Amino acid sequence: MVPAHGGREAEPVYRPILANRRGELEALSHLDPALAPLLAPVIDVSLLDSFTVDVLGRLPAGLLPAVDVSALPDAPETELAGWGVPLVPVIGLAESERRLVAHGAAARAHAQRALVRLRIGTDRAGPDEATAAVERIWRWTRLDPEQCDLLVDAADVCCRADVRMVEPRVRRLLDWARRHAWRSVAVAAGGMPPTLSRLPIDEPVRVDRWDWLLWQELADLGVGYGDYGVSPAARDAEQAGDRLPTMRYTTDGAWWVYRWSRRGGRGDERFADLCRTLVAAPHWPPAGAAYSWGDHEILRRARRIGGAGSTSTWAAWCTSHHLAHVLSTLHGPVREAQPEPWRPGQSLAGRPTRPNRGGAARRAG
């Protein structure tokens, strides 16, 4: 990673969980190199292809992805140590012994660490069972707790009732997590509705970022932040077949969703109209703001430079803006000293990263 002030290593403040689709991977490949050390993406690999491995090998310097292959068969071609690209293996609580050994080899081959992903919807274990599961992970991977980051994955939280239901469960897991000397602890959730087809067309629609609100409810614990980008956590539930030009534009505490059919006719004219409407909106970045690659591409289409793109490119531009927006909200000034590794019995308070209280954190939800 790129050193921070005084030669210290910059610590990631954000763990987005992204699918290995062209749009999300393209957004990562265009990330500002100055932001790369602050981002620790988790890539869910649902289909193994040469494109995914190629893009992972061409990410900006300082960007080290964690890769989750739990959806793939336990086979030699899914052993991450053989992919030949720098990465961090993602380990689930129910992995086979064979895969745990392979993940341990991948961790030692690359970054000397792994990410343990605890999914609260499927890993229904009490404290003692969870401890037995992670001790099994450390035994078969031959990794120490200090070499493992913990990601508590709350899956979809799409309304205030979801937040109220999930928060105490996450708190209990974080209380359990204090028993162990994790390298870091973060909480991730998804807040985007699985389908947008019922939203109005030809007008911006506000959609609350309930995943962001959940994390703010946990801010007293000081855990790190993760989300699912601009996608729902239940990816197989995403709406298929809706070919309307669509943008999901991230702001403080909300997304603004644009589903566009206005002006009819050619798709590039419809999309140019969408982009002109977006860049004229109050939530478009103000003059002088640090624009992401995705913002630049949206602005070009508003000026009718380039074509309308596709669902993949729309996802790339929206994800690019989302990553930059979240990082700008979370990061704040670079600290002169980094916190010590978390030890058993230590309070979660003081671990990175607290919200930037001067801005979006007060207005979320």
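Everything quoted here is computed from the prediction, not taken from an experiment.
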Item to check | Member of Asp68, Ile43, Val90, Val42 meeting the side chain to side chain contact (heavy atoms under 4.5 Å, CB included) criterion with Ile17 | outcome: Val42
Next on the checklist: side-chain hydrogen bond (donor to acceptor under 3.5 Å, both in side chains) for Arg99 and Thr78? Distances and angles first, verdict last.
Outcome noted: CA-CA 9 Å; Arg99 179 161 270 177; Thr78 63; 3.1 Å; yes
Checklist entry - Does the distance from a Lys or Arg side-chain N to an Asp or Glu carboxylate O, for Asp149 and Arg117, drop under 4.0 Å? => result no
Item to check | Heavy-atom pair of closest approach, residues Ala36 and Leu31 | outcome: CA-CD2, 3.7 Å
Checklist entry - So, for Trp138 and His180, is the gap between ring centers shorter than 6.0 Å? => result yes
Next on the checklist: Any heavy-atom pair between the side chains of Arg113 and Leu64 that's under 4.5 Å?
Outcome noted: yes
Checklist outcome for this item: What one should report as the nearest heavy-atom pair of Val85 and Val53 is CG1-O, 3.8 Å
Checklist entry - Between Arg276 and Asp273, is there a salt bridge with N-O shorter than 4.0 Å? => result yes
Item to check | Backbone N/O of Leu150 and side chain of Arg183: donor-acceptor pair under 3.5 Å | outcome: no
Checklist entry - Do Val69 and Leu47 share a hydrophobic cluster, counting only Ile, Leu, Val, Met, Phe, Trp and Tyr and linking them when any side-chain heavy atoms are less than 4.5 Å apart? => result no
Item to check | Ionic contact status for Glu135 with Arg139, cut-off 4.0 Å | outcome: no
Item to check | Whether Thr246 side chain and Leu244 backbone form a donor-acceptor pair below 3.5 Å | outcome: yes
Checklist entry - Do Trp256 and Tyr249 have ring centres separated by under 6.0 Å? => result no
Next on the checklist: For Arg179 versus Pro127, what's the shortest heavy-atom pair and its separation?
Outcome noted: NH2-CB, 3.4 Å
Next on the checklist: Before you tell me yes or no, could you show the steps for Asp153 and Tyr228 under side-chain hydrogen bond (donor to acceptor under 3.5 Å, both in side chains), namely the whole-Å CA-CA distance, both residues' side-chain angles and the distance that decides it to 0.1 Å?
Outcome noted: CA-CA 10 Å; Asp153 184 351; Tyr228 277 78; 2.6 Å; yes
Item to check | Check: Arg142 and Arg108 side chains under 4.5 Å, non-hydrogen atoms | outcome: yes
